[in-house]
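This report refers to the structure that appears directly beneath it.
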Amino acid sequence: MRRLTALEPIDAPAASREQLEEIITRHGSAGEMIRTMAHSPALLQGYLSFSRAVKRTKLPRALSEKISLAVQEWLGCETCLNAHAEAAKAAGLTDTDIALARQATSTDPREAALLTFALKVLAEPAAISDDELSDLTAHGWTERTIADAVALVVLNQLTGTFNLVAGI
């Protein structure tokens, strides 16, 4: 059930209106989540800026979708899960890859370690130990990849949480 309404540019606060009009001009429309975020110009601007920045990470698209699936499964956002499952298929993942990612694992032990870490970032970041970070680097993940994974987890937490609160 919808709890927050998606706004048309004319109904949005001035700062959000400009953002929405720009998105509609570039893409032809603005999605429900973005139009609903428009109630808060600060949230909308923050989301758009952060989302653009996270798109510039060095994570491969398939791995990025696996992390997103794991986070959204944990959060319980069906809208996000469906969107990321479609994106995962477009990135070449199989149904088995998607099912495993939703459980924060993979047939690749290296990816499984990063997916486990991603969920821990979401659920209990204060409990992440030096040994766990050392384990990631022993699997060949760089500090940049670890930082990029944290950014992706946080972006997914924002979108999933917002969609759940808004009833999208």
Pair Ser16-Gln19, side-chain hydrogen bond (donor to acceptor under 3.5 Å, both in side chains): steps then yes or no: CA-CA 5 Å; Ser16 292; Gln19 292 289 331; over 6 Å; no
Criterion side-chain hydrogen bond (donor to acceptor under 3.5 Å, both in side chains) on Glu32 and Thr36, from CA distance to verdict: CA-CA 6 Å; Glu32 247 188 291; Thr36 306; 5.5 Å; no
Contact summary for [X] and [Y], nearest pair of heavy atoms:
{"X": "Ile128", "Y": "Lys120", "answer": "CG1-CG, 3.8 Å"}
{"X": "Ala149", "Y": "Ile67", "answer": "CB-CD1, 4.2 Å"}
{"X": "Trp74", "Y": "Ala123", "answer": "CZ2-CB, 3.7 Å"}
{"X": "Ala70", "Y": "Leu115", "answer": "CB-CD2, 4.4 Å"}
{"X": "Gly167", "Y": "Arg2", "answer": "O-CD, 3.3 Å"}
{"X": "Leu20", "Y": "Ala30", "answer": "CD2-CB, 4.1 Å"}

As an exercise, state the distance from [atom1] of [X] to [atom2] of [Y], rounded to the nearest 0.5 Å.
{"X": "His139", "Y": "Leu114", "atom1": "NE2", "atom2": "CG", "value": "10.0 Å"}
{"X": "Gln157", "Y": "Leu152", "atom1": "CD", "atom2": "CG", "value": "12.0 Å"}
{"X": "Leu81", "Y": "Leu75", "atom1": "CG", "atom2": "CG", "value": "9.0 Å"}
{"X": "Thr79", "Y": "Ile168", "atom1": "OG1", "atom2": "CD1", "value": "7.5 Å"}
{"X": "Leu100", "Y": "Leu93", "atom1": "CG", "atom2": "CG", "value": "10.5 Å"}
{"X": "Asp148", "Y": "Leu59", "atom1": "CG", "atom2": "CG", "value": "5.0 Å"}

Hey, does the side chain of [X] reach the backbone of [Y] with a donor-acceptor pair shorter than 3.5 angstrom?
{"X": "His39", "Y": "Thr5", "result": "yes"}
{"X": "Ser106", "Y": "Glu111", "result": "no"}
{"X": "Ser40", "Y": "Met37", "result": "no"}
{"X": "Arg110", "Y": "Gly140", "result": "yes"}
{"X": "Ser49", "Y": "Gly46", "result": "no"}
{"X": "Arg35", "Y": "Leu7", "result": "yes"}
{"X": "Asn82", "Y": "Glu78", "result": "yes"}

For residues [X] and [Y]: do they belong to one hydrophobic cluster (side chain heavy atoms under 4.5 Å, members Ile, Leu, Val, Met, Phe, Trp, Tyr)?
{"X": "Leu69", "Y": "Val121", "value": "no"}
{"X": "Phe162", "Y": "Val71", "value": "yes"}
{"X": "Leu63", "Y": "Val150", "value": "yes"}
{"X": "Ile24", "Y": "Tyr47", "value": "no"}
{"X": "Leu155", "Y": "Leu122", "value": "yes"}

Among side-chain atoms of [X] and [Y], is any donor-acceptor pair under 3.5 angstrom?
{"X": "Thr137", "Y": "Ser134", "result": "no"}
{"X": "Thr94", "Y": "Asp97", "result": "yes"}
{"X": "Ser68", "Y": "Gln72", "result": "no"}
{"X": "Thr25", "Y": "Glu22", "result": "no"}

Lys89/Asp95 under side-chain contact (heavy atoms from CB on, under 4.5 Å): CA gap, chis, key distance, verdict: CA-CA 8 Å; Lys89 286 181 182 181; Asp95 288 339; 3.2 Å; yes
Min side-chain heavy-atom separation Cys80-Asn163 under 4.5 Å: yes
Student check: side-chain heavy atoms of Leu158 and Leu43 closer than 4.5 Å: yes
From CA spacing to verdict: side-chain contact (heavy atoms from CB on, under 4.5 Å), Ile34, Leu44: CA-CA 7 Å; Ile34 289 173; Leu44 181 60; 3.7 Å; yes
Derivation of the side-chain contact (heavy atoms from CB on, under 4.5 Å) call for Asn156 and His84: CA-CA 10 Å; Asn156 273 279; His84 286 291; 3.3 Å; yes
Check against salt bridge (charged side-chain N to carboxylate O under 4.0 Å, His left out), Arg17 and Glu21: CA-CA 6 Å; Arg17 183 178 313 124; Glu21 288 171 347; 5.1 Å; no
